[in-house]
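Everything on this sheet refers to the single structure shown next.
Indexing begins at 1, ligand by ligand and atom by atom, following the structure's order.
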Amino acid sequence: MSRCRICGSSISPFMSFGRQPISNAFVMPEQFASEYFFELAPAFCTECHSFQIIDQPEAEQMFHGNYAYFASTSRYMCDHFKRFADDVSQRFLAGKADPFVVELGSNDGIMLRNFADAGVAHLGVEPSANVAQAARDRGVTTICEFFNDALAERIVAERGHADALLAANLMCHIPDLHSIAAGARRLLKPDGVMIFEDPYLGEMIAKTSYDQIYDEHVYIFSVASIRWLFDKHGMELFDVQPQITHGGSMRYFLAPKGSRPISPNVERQVAVERELGLHLPETYDRFRRNCEASRGELIALLTELKAQGKRVVGYGATAKGATAINYCGITPDLVEFISDVTPTKQGRFSPGAHIPVKPYDAFAADFPDYALLFAWNHKAEIMAKEEAYRAAGGQWIVYVPKVEVFS
Ligand code: DWN
């Protein structure tokens with residue numbers, strides 16, 4: 001039995017994905033023998049509605065000076081964060097004298113550079129030194145630290161209170177959310193807002209996108225779980241907005257209690273979650289069965305293609321892919337290599353299964369028969385630029401929302 005990180009109730013895992021590696025640790029052969037593994041097992045807390053993994057590796061093992069993920073590798077995500085920044089400016093900063101914007105987990109500055117370019121005072125808080133430096137190189141003021149209540153106090157002392165505290169694909173990575181929520185309350189001006197987005201539990205369950213569950217994602221949030229948590233810290237959820245990014249995300253809008261009218265969107269989404277049964281243990285039993293079925297279908301397909309002598313190559317060496325690869329038992333025997341545009345991943349091997357990661361040119365120079373789309377969340381963007389592969393007869397394999405081949 002384990003304790004819920006949010007409310008302290010007892011929780012137990014409803015399934016296990018088995019031994020999993022650090023999802024963004026792309027390794028060299030001399031590191032194979034010392035690779036770190038942990039048991040990946042999710043649980044749902046019926047008391048505070050939080051969905052979380054039982055064990056998570058230490059933060060320093062995941063976020064450090066060689067962090068592999070640079071958010072700006074997707075053109076679509078660059079546009080998405082431009083729209084996010086514009087929306088924040090128009091809706092919450094207009095008319096304010098010298099607004100101050102803070103972003104947690106600001107990565108390579110993909111969002112904050114829009115504020116930097118507009119001359120808005122800003123601060124990125126990013127614990128991985130290499131991506132933090134990439135942000136600085138783009139003119140984004142960034143400190144390389146983990147955010148918590150103590151850092152919030154320091155930022156207030158050194159730079160003042162914030163008008164907007166932003167985060168994207170960050171909150172779900174942090175085990176001690178109470179410290180984040182307390183820090184957010186401390187950092188914000190009385191009329192300030194906290195806005196963040198993360199992969200959404202409702203979408204994950206509906207799409208059986210089990211690969212959203214990996215070391216970095218200690219939580220997958222619902223509206224009910226976010227409302228429960230921030231209520232304990234004098235903060236109120238005043239709006240929510242579904243997003244199509246990362247396979248279906250939710251954007252949460254929070255403010256000090258009583259400072260803003262509450263949109264009907266909040267109650268509406270909580271009602272949707274009850275209809276989806278997100279509060280019921282049987283929903284997670286069904287999810288487990290769906291994961292098992294998906295795994296069986298994907299492995300059967302890859303095995304059959306191998307028997308037919310077809311070449312299969314992975315597309316996008318995603319962190320998500322670590323769960324899919326290691327849970328399903330995908331080996332270099334079934335997937336020849338994974339193509340990825342990120343230089344820090346190239347020439348290395350995927351965590352756990354050790355499938356070679358090669359530059360995009362390796363894919364383009366010798367098209368495979370099938371491309372297994374680990375970056376399925378970027379499907380529209382990737383399909384738009386892979387016309388030549390399609391024209392050459394190349395086929396795609398996806399496994400979310402179901403295992404499927406298409407051309
Ligand atoms: O929360 C997180 C999300 C936002 O980013 C982190 N925990 C880690 C990371 O997760 P991921 O690796 O699953 O994210 P993506 O955005 O699905 O990764 C896409 C990968 O595919 C990158 O390595 C870049 C690569 N890629 C590519 O090779 N060609 C992406 C595109 C769009 C392409 O055309």
Side-chain angles (χ1 to χ4, degrees), residues 20-26 40 53 56-57 59 61-64 67-81 84 103-108 110-111 126-128 131 167-174 196-200 204 209-221 243-251 313-326 337-348 350-351 355 357-364 371-389 396 398-400:
Q20 291 284 336
I22 302 288
S23 61
N24 259 316
F26 292 87
L40 180 63
I53 58 175
Q56 188 191 32
Q61 269 178 293
M62 299 182 285
F63 311 110
H64 42 65
Y67 188 56
Y69 182 69
F70 288 70
S72 299
T73 44
S74 160
R75 182 67 251 161
Y76 182 85
M77 292 311 293
C78 293
D79 295 343
H80 171 78
F81 286 118
F84 190 156
E103 187 188 354
L104 311 183
S106 43
N107 197 271
D108 58 8
I110 186 169
M111 170 134 66
E126 170 53 57
S128 297
V131 286
N169 307 306
L170 171 278
M171 294 288 286
C172 69
H173 295 63
I174 303 179
F196 67 89
E197 62 187 36
D198 281 292
Y200 181 54
M204 188 188 80
S209 46
Y210 61 86
D211 58 355
Q212 289 289 3
I213 304 169
Y214 53 91
D215 56 350
E216 295 182 9
H217 287 181
V218 62
Y219 300 106
I220 305 289
F221 298 130
Q243 306 292 319
I244 60 165
T245 47
H246 290 298
S249 297
M250 189 62 71
R251 187 175 293 172
V313 160
Y315 198 109
T318 58
K320 293 181 290 294
T323 296
I325 289 168
N326 294 293
F337 66 87
I338 306 173
S339 149
D340 198 287
V341 295
T342 316
T344 48
K345 298 180 182 180
Q346 297 162 359
R348 294 178 167 264
S350 76
I355 300 171
V357 179
K358 297 192 178 178
Y360 176 73
D361 289 355
F363 174 82
L372 172 53
L373 191 57
F374 290 117
W376 54 265
N377 46 313
H378 299 293
K379 182 175 165 190
E381 177 175 353
I382 291 169
M383 293 306 118
K385 65 184 173 195
E386 291 302 348
E387 196 45 55
Y389 174 60
W396 293 94
V398 286
Y399 52 94
V400 174

Could you tell me the residue and atom name of the protein heavy atom closest to [atom], and the distance to it rounded to 0.1 Å?
atom                    : answer
atom 12 (O) of ligand 1 : Ala319 N, 2.8 Å
atom 34 (O) of ligand 1 : Lys385 NZ, 2.5 Å
atom 10 (O) of ligand 1 : Tyr214 OH, 3.4 Å
atom 31 (C) of ligand 1 : Ile382 CD1, 4.1 Å
atom 15 (P) of ligand 1 : His378 NE2, 3.5 Å
atom 17 (O) of ligand 1 : Lys320 NZ, 2.6 Å
atom 22 (C) of ligand 1 : Asp340 OD2, 3.5 Å
atom 6 (C) of ligand 1  : Glu216 OE1, 3.3 Å

Report the relative orientation of the aromatic rings in [X] and [Y]; use parallel for angles under 30°, tilted for 30 to 60°, perpendicular for over 60°.
X      : Y      : answer
Tyr360 : Phe363 : tilted
Tyr67  : His64  : perpendicular
Tyr389 : Trp396 : perpendicular
His80  : Tyr76  : parallel

Using a strict cut-off of 4.0 Å, indicate which atoms of ligand 1 neighbour a heavy atom of [X].
X      : result
Asn169 : 1 (O), 4 (C)
Gly316 : 21 (O)
Lys345 : 22 (C), 23 (O)
Asn377 : 15 (P), 16 (O), 17 (O)
Thr73  : 24 (C)
His173 : 1 (O), 2 (C), 6 (C), 7 (N)

- prompt: In Å, rounded to the nearest 0.5 Å, how long is the span from CZ of Arg251 to OG1 of Thr245?
  reply: 7.5 Å
statement: Rounded to the nearest 0.5 angstrom, the OH-CD distance for Tyr200 and Gln243 is 12.5 Å
Any idea which part of [X] is under 4.0 Å from ligand 1, heavy-atom wise: side chain, backbone, both or neither?
X      : result
Thr342 : side chain
Tyr67  : side chain
His246 : side chain

- prompt: Could a heavy atom of Arg75 be found less than 4.0 Å from some atom of ligand 1?
  reply: no
query: Does His246 reach the side chain of Met77, with side-chain heavy atoms less than 4.5 Å apart?
result: yes
field: Contact check, side chains of Asn169 and Pro199, non-hydrogen atoms, under 4.5 Å
entry: yes
What I want to check is whether the side chains of [X] and [Y] have a donor and an acceptor closer together than 3.5 Å.
X      : Y      : answer
Thr323 : Asp211 : no
Glu216 : Tyr69  : no
Tyr219 : Asp198 : no

Does [X], backbone or side chain, put an N or O under 3.5 Å from an N or O of ligand 1?
X      : answer
Ser74  : no
His217 : yes
Val341 : yes

message: Exactly one of Gln56, Gln212, Lys320, Met204 should register a side chain to side chain contact (heavy atoms under 4.5 Å, CB included) with His217. Which one does?
response: Gln212
